[in-house]
Amino acid sequence: MSFQKAIVTWYQINKRELPWRSTTDAYVIWLSEIILQQTRVEQGLPYFHKFLLNFPTVRDFANANEDEVLKLWQGLGYYSRGRNMLFTAQQIVAEYNGIFPVKYSQLIKLKGIGDYTAAAISSFAANESKAVVDGNVFRVLSRYFGINVPINSNAGKKLFSKLAQELIVGQVPAVYNQAIMEFGALQCKPKPGCETCPIAQNCSALINQQVNVLPVKLKLVKVKERWLNYLVASSGEYILIKQRQSGDVWQKLYDFPVIETSRAINSTDPHFVGQVKALFGEEVIIRPVCQKRHLLTHQIIYVHFFVLENYMINFNQHADIKSVLVDDFKSLPHPKVISDFTEMYL
DNA sequence: AAAGCGGGGAC
DNA sequence: GTCCCAGCTTT
């Protein structure tokens, strides 16, 4: 039996029932594919339902504002996905009359859609013969065919794309693409179940004892440490907030005035106190409240929260800081570490 | 080619 | 702790 036939047969028996598999609506598929980028199915599923409920059509999505989209996206991470979706939804309405394109050549031009997502939407919505190459496919192909070219090198991306595209010829694209990804997600996992694998007898990695070294991936990311000291200034009814700008994590999300330091500090650190007083006046009182370690892929962020009392602020000199009702602040989109704090202390 | 971008689950 | 998830964009 061919590799492809075995994969598809395995899929028919073992596949999960997932909501985006029972539609050919390109908008719905797009929604699911963007949400699932670098995101596990279980984590993305509730967001998929939430977005579809709030935005049943691409026109509904296009009519949203950015805060609304990011609030729905809150907690899912990689927030540029949400911002790009709004941009693309508006483009679909403006340039495609609200009809979501299904051709790979059109999809690839849209913001937030790369090779993988264009192949996924075009194959699932219109059976275009474009092979998906995601983390699952890299793993399955590298093991089965014994390919040790690094999957995150340019040569590797080219090689695996070419191989995947050759393998899809003669298959039903929508089914085969789903099948090979599902096979990677459930059977040929990072820690695979070779004992029950239907193609084990032809698997190069298993035969050559390479299962635990394939796929090969280049270099580990070096993690940067940073210290964010948040200044919580609230009258009880109002609170001072900022919107995060580009060039850093959590772009466009809302948090508090913050002083970043290169090491841990406490509320009496002279340099820190000086900066706080420059912002909030000489009479300000700084009271430490809590601290937590927040982990991102590339950063370890030590977050300290300091509540301020007796503070004063000149909004003319600090146009980026705004005073809003606490309840209004809560309804804005926040990084996880801020929404956790807010729920606990505000 | 390399770096930046979240949060969470499995082990 | 490590690895990695239905990746994309920017430099």
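These figures come from a predicted structure and were not determined experimentally. Quick note on labels: first sequence line is chain A, next is B, and so on, each numbered from 1.
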Report yes if a donor N or O on one partner sits less than 3.5 Å from an acceptor N or O on the other, where the partners are the side chain of Q38(A) and the base of dA6(C); otherwise report no. no
Of I113(A), L110(A), I121(A), which is the lone residue that meets side-chain contact (heavy atoms from CB on, under 4.5 Å) with P101(A)? L110(A)
Nearest heavy-atom contact between S235(A) and Y311(A) is N-OH, 3.5 Å
Tabulate protein N/O versus nucleotide N/O from nucleotides 9-11 of chain B, keeping only pairs under 3.5 Å, one per line.
residue : atom : partner : partner atom : Å
dG9(B)  : N2   : R40(A)  : NH2          : 3.4

Hey, does the side-chain of T297(A) have a donor or acceptor N/O within less than 3.5 Å of a partner on the base of dG6(B)? yes
With a non-hydrogen cut-off below 4.0 angstrom, is G75(A) in contact with a base, only sugar-phosphate, or nothing? sugar-phosphate
NZ/K103(A): more than 12 non-hydrogen atoms of other groups inside 6.0 Å: no
For the C1' atoms, the ones on dC3(C) and on dG6(B), what distance do you get once it is rounded to whole angstrom? 16 Å
Of S153(A) and Y79(A), whose closest DNA chain B nucleotide lies nearer the 5' terminus? S153(A)
Which of the following nucleotides, dC4(C), dA6(C), dC5(B), is nearest to the side chain of P190(A)? dC4(C)
Side-chain contact check for V249(A): nearest option of dA6(C), dC5(B), dG7(B) is dC5(B)
When you measure from the side-chain N and O atoms of H294(A) to the phosphate of dG7(B), is any distance below 4.0 Å, counting only OP1 and OP2? yes
According to ring pair (Phe, Tyr, Trp, His ring centres under 6.0 Å), who are the partners of Y78(A), at least two apart in sequence or on a separate chain? none
Proximity to the side chain of R293(A) - top-ranked nucleotide from dC5(B), dA6(C), dG1(C): dG1(C)
Heavy atoms of P288(A) and F306(A) approach each other most closely as CA-CD2, 3.6 Å
Name the residue from Y79(A), Y254(A), F256(A), F329(A) that meets the ring-ring contact (aromatic ring centres under 6.0 Å, His included) definition with H334(A). F329(A)
Using a distance-only criterion (donor-acceptor N/O pair, under 3.5 Å, no hydrogens), is the base of dG6(B) paired with the side chain of T39(A)? yes
Would a hydrophobic clustering, with Ile, Leu, Val, Met, Phe, Trp and Tyr connected at side-chain separations under 4.5 Å, put V276(A) with Y230(A)? no
NA contact type, W20(A), heavy-atom cut-off 4.0 Å: base, sugar-phosphate, or nothing? base
Could you verify whether a donor N or O on one side chain and an acceptor N or O on the other, from R226(A) and S262(A), lie under 3.5 Å apart? no
By nearest nucleotide on DNA chain B, pick out whichever of K336(A) and G247(A) is the more 5' one. G247(A)
Shortest non-hydrogen contact from V69(A) toward G82(A): CG1-O, 3.5 Å
Where each residue is assigned the nucleotide of DNA chain C containing its nearest heavy atom, which of V133(A) and P215(A) is assigned the position nearer the 5′ end? P215(A)
Of the listed nucleotides dC8(C), dC5(B), dA6(C), the one nearest the side chain of T117(A): dC8(C)
What about F272(A) and W227(A), are their ring centers closer than 6.0 Å? no
Could you check which of dG7(B), dG7(C), dC5(B) has an atom nearest any side-chain atom of D248(A)? dC5(B)
Which heavy atom of R244(A) sits nearest a heavy atom of V249(A), and at what distance? NE-O, 2.9 Å
Base, sugar-phosphate or nothing for S32(A)? Non-hydrogen atoms, less than 4.0 Å. nothing
What does R139(A) touch in the nucleic acid at a heavy-atom separation under 4.0 angstrom: a base, only the sugar-phosphate, or nothing? sugar-phosphate
Can you measure F138(A) atom CZ to dC5(C) atom C1' for me and round it to whole angstrom units? 14 Å
Which nucleotide in the list dA1(B), dC8(C), dC4(C) gets nearest to the side chain of N154(A)? dA1(B)
Proximal nucleotide (of dG6(B), dC8(C), dG7(B)) relative to the Q37(A) side chain: dC8(C)
Would you tabulate the pairs of protein nitrogen or oxygen atoms and nucleotide nitrogen or oxygen atoms of nucleotides 9-11 of chain C closer than 3.5 angstrom?
residue : atom : partner : partner atom : Å
dT9(C)  : OP1  : G112(A) : N            : 2.5

Rounded to whole angstroms, how far apart are CG on L295(A) and P on dT2(C)? 11 Å
